J.: 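Take a look at this one; I'll ask things after.
Just so it is clear, the model here is predicted, and its values are computed rather than measured. Below, chains carry the letters A, B, ... as their sequence lines are ordered, and counting in each starts from 1.
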Amino acid sequence: MLAELGLAALWLAAALAGLQLIAGALALVSFNKGVGDGGTLAGIVRPVAVVQGLLAACALIALMGLFAQTDLSVKLVVENSHSAKPMIYKLAGTWGNHEGSMLLWVTVMGLAGGFVALVERRLPEPTMLATLAGQAFVSLGFYGFLLIASNPFARMSPVPAEGQGLNPLLQDPGLAFHPPTLYLGYVGLSIAFSFAIGALVTREVGPAFARAMRPWVLGAWVFLTLGITAGSYWAYYDLGWGGWWFWDPVENASLMPWLAATALLHSCGVLAARNALRAWTIMLGVIAFSMSMIGTFLVRSGILTSVHAFAVDPRRGSFILMLLAINIGSALVLFALRAGTVTEGERFAVTSREGALVFNNVMLSSILGIVLIGTLYPLVTEAFGQKVSVGPPYFNPMASLFFVPMVLVLMVGPLLRWRRDKLIRVRSLLLPGLVIGLAAAGLALWLGVKGLPYIGLVLAPAIAVASLMPLKGRNLRRLPLPVAGMVIAHFGVAVALFGMACDSAFSTEKLIAAHVGEVVAVGPWHVTLAGVEPVAGANWTALEAQLRVRYQDGDVFAMTPQARSFWAPQQNTTVSALHTRWNGQLYTVLGEQADGGRWQLRLWWKPFVPMIWLGGALIGLGGALALLGRLLADLKRIVVRDKIAYRRMRQGR
Amino acid sequence: MTMIKAKHQRLVLILIALAALVGAVLLAAWALRNQASYFYLPSDMAAHPSSPDREVRLGGMVERGSMHNEADGVTVRFVVTDGKARVPVRFSGIRPALFVEGSGVVAEGKSSPDGTFLADNLLAKHDERYVPRELKDMTAQQARQAVAATK
């Protein structure tokens, strides 16, 4: 019953998306002909968008209900769930598979579109109609994909006795958080995409458009940042490899929209404040969501195999590829036709805030190009019969080549004035960062650090100091929230960079087969293997190492890494144990039993590694503060406008 | 710094952006030629040995009866085969769960001058559904022969 209700809701939502597209387009045509205000058709577009989002949400809730009950007459539940699974993984398991994750995608997309329809009143009505119609157009493709090629509610007969369970690597609290956050980011960018389409169709590119689009870009960007940060930490402790970024195609698929969104965020600021970079901002709006879709294609098409790649049905891959071609292709054609009519924006000098932001945009786009080429290259060579893989030896130096100049400009850019400025004017503000950077360069040289980690260790403290300089001479209590957000986000870049550099430069690793009672030294730690005990959980059994660890001469405490065996599906995983101090993390993994009653242990001491994710969280926090600041300012403006209108009414004017 | 001549600004911006992007693409192409790590089957490896300073991936089946643990308890030696050629491999670390004799494996690492492949990472099947990409075709075609040959 629930499955049929869910499916019905999904069909209805798809039908409403069709209505939203047609009504929006027709109303737009009547606007353009100057025949009135679009009439009743224009009036229904917003309510339809809201209801469409709610119906998609109903379908998702129905699917979550099926997973919660472990309804084994539904094929998706049989293939991905099990009655003995803890409740949180039953619920989160709803999107731990291809169909469910696509349903989450259209739900977020529908709700975001509905929310825009509900609250956005700043833009001219035709632009809004074009935006909502564009949003419906993109949604419709994904509804079609769900209903035709990946129906999540398909029944199964005969009903099996038990489900096949969820991949144990996904049975982690991270699953409840990482995919929805990332999807909010991916799909939030669809709003920016639709705004860009709307603005192109109606030729309304200007500061008002940028101000309307900015909160959506900011929100999507915050979720992307947090999603990537959480995913990185999840991979770090879940895989037991001690690494936090593998340049895996699936990781790149989330990084590419982030790079484009970061560039878009900065160019949006220029457009809103100075009415410059008009066509460029539109272009980035199109690219950012295109990258989300390319990411989905890479992950969902089955051309890659990883924990993320659920689809193996080649029909799905070609369906997504077709969607991709239609959406991106038509957006680019529209851009090519209309870009010429977007008039040129305000001018600026090379040394100016705009100049610095243009530099930031060009560097981010170049990194995006590097990552995109590196990710697609193996697919291209495979088509010619040569299998290759591209990893850190390519990505690290190539990305750094553009990242380093970008952060050098980051130290100066926020200090410059709009339009034109002189470096001489800000020299006293640049000095502290320069001094700290030189000191760090000397210290790192003395410590014997080389290569990319050296560059990171020099830049991180310099950026940290320079990022605080825009606060100088300001009253901190009256600091606008967006400025505070910018400072915190830039500071977060320095913090994350410091963590990455320290991890590469100072990590120590010990791989050993230890007897029970043996003491192993790793960095400043002493780790004693006290014993190995069997333990059991809801759907697994495990061998658990009893470790007694001590930092230098400090207290002894216990750590318990496990080697788990799940029985549905049958699979073994290692569960690492981590201990975090202010100055780093001890990471322990238990392996197999070796000859002579010894146990394999892999231990890492990673100084300052949590800074990587702390930095990511700071970047996200900065974005959230800026978003809050913008929203409060909008709210204030609306209240003031209403007050003026009220007074005028009372005075009878 | 003077303002760029007014009517040229847009053109200059576009040219700078294009130059940077083209530069990025050229750099990427150059770097990929040197840094991409190629996938070898044991018979490829026998025909064209890879140079010792280059990261490559070696994929095949773990030959039955070839796995030996070394005295340190964490190093394992085994032979990867595709039924036509055999390559000895050495790996130190914690082995993936489904890494057993007769199973498929992709080893990431470098060749050493004595012909042993020094792996710093092993990719085995995660479970029935998640197979390393390079092993997908192999499990279908070569795997059966390989398993038959090594039984």
J.: Quick check for you: to the nearest 0.5 Å, what is the distance between B:E55 atom CD and A:S389 atom OG?
T.: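 Nearest 0.5 Å value for the CD-OG distance: 9.0 Å.
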J.: With a 4.5 angstrom heavy-atom cut-off, is it the side chain or the backbone of B:S92 that approaches chain A, or both, or neither?
T.: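 When you check distances to chain A, atoms from both the backbone and side chain of B:S92 fall under 4.5 Å.
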J.: Against chain B, label A:R602 side chain, backbone, both or neither, depending on which of its atoms sit under 4.5 Å from a heavy atom there.
T.: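 Its backbone and side chain both get close to chain B.
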J.: Taking A:E592 for its side chain and B:I94 for its backbone only, find out whether a donor-acceptor pair lies under 3.5 Å.
T.: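 The answer is no, because no donor-acceptor pair under 3.5 Å joins these two groups.
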J.: Looking at B:R86, I want to see if its CZ is surrounded by more than 12 non-hydrogen atoms of other residues, nucleotides or ligands under 6.0 Å.
T.: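 Open: at most 12 neighbouring heavy atoms sit under 6.0 Å from CZ of B:R86.
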J.: Can you tell me how far CG of B:L13 sits from CZ of A:R347, rounded to the nearest 0.5 angstrom?
T.: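 Answer rounded to 0.5 Å: 10.0 Å.
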J.: What are the residues of residues 396-404 of chain A, in order of number, with any heavy atom under 4.5 angstrom from a heavy atom of chain B?
T.: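 The residues closer than 4.5 Å to chain B, in numerical order, are A:M398, A:L401, A:F402.
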J.: Measure distances from A:I512 to the heavy atoms of chain B and classify the residue's part below 4.5 Å as side chain, backbone, both or neither.
T.: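 For A:I512, the backbone is the part near chain B, not the side chain.
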J.: If you count heavy-atom pairs under 4.5 Å with chain B, which of A:P393, A:G591, A:A594 comes out on top?
T.: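 Highest number of pairs under 4.5 Å: A:P393.
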J.: If we only count heavy atoms from C-beta on, is the B:F39 to A:T381 side-chain gap below 4.5 Å?
T.: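 B:F39 does not reach A:T381 side chain to side chain.
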J.: Is there a side-chain contact between B:L21 and A:S366, using heavy atoms and a 4.5 Å cut-off?
T.: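 Heavy-atom side-chain distance check passes, below 4.5 Å.
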J.: Report which part of B:A29 has an atom under 4.5 Å of a heavy atom belonging to chain A: side chain, backbone, both, or neither.
T.: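 Looking at B:A29, nothing touches chain A.
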J.: Hey, what do you get for CD (A:Q600) to CG (B:N69), rounding to the nearest 0.5 Å?
T.: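 Here the rounded value is 7.5 Å.
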J.: Got a second to check how far A:Y377's OH is from B:R33's CZ, nearest 0.5 Å?
T.: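 The OH atom of A:Y377 sits 8.5 Å away from the CZ atom of B:R33.
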J.: Counting heavy-atom pairs under 4.5 Å to chain B, which of A:I373, A:N361, A:V362 comes out on top?
T.: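 Top option by heavy-atom pairs under 4.5 Å: A:I373.
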J.: Is any side-chain heavy atom of B:S37 closer than 4.5 Å to one of A:V388?
T.: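 They are not in side-chain contact.
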J.: So do A:Y394 and B:L32 actually touch side chain to side chain, heavy atoms under 4.5 Å?
T.: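 SC-SC contact between B:L32 and A:Y394 confirmed.
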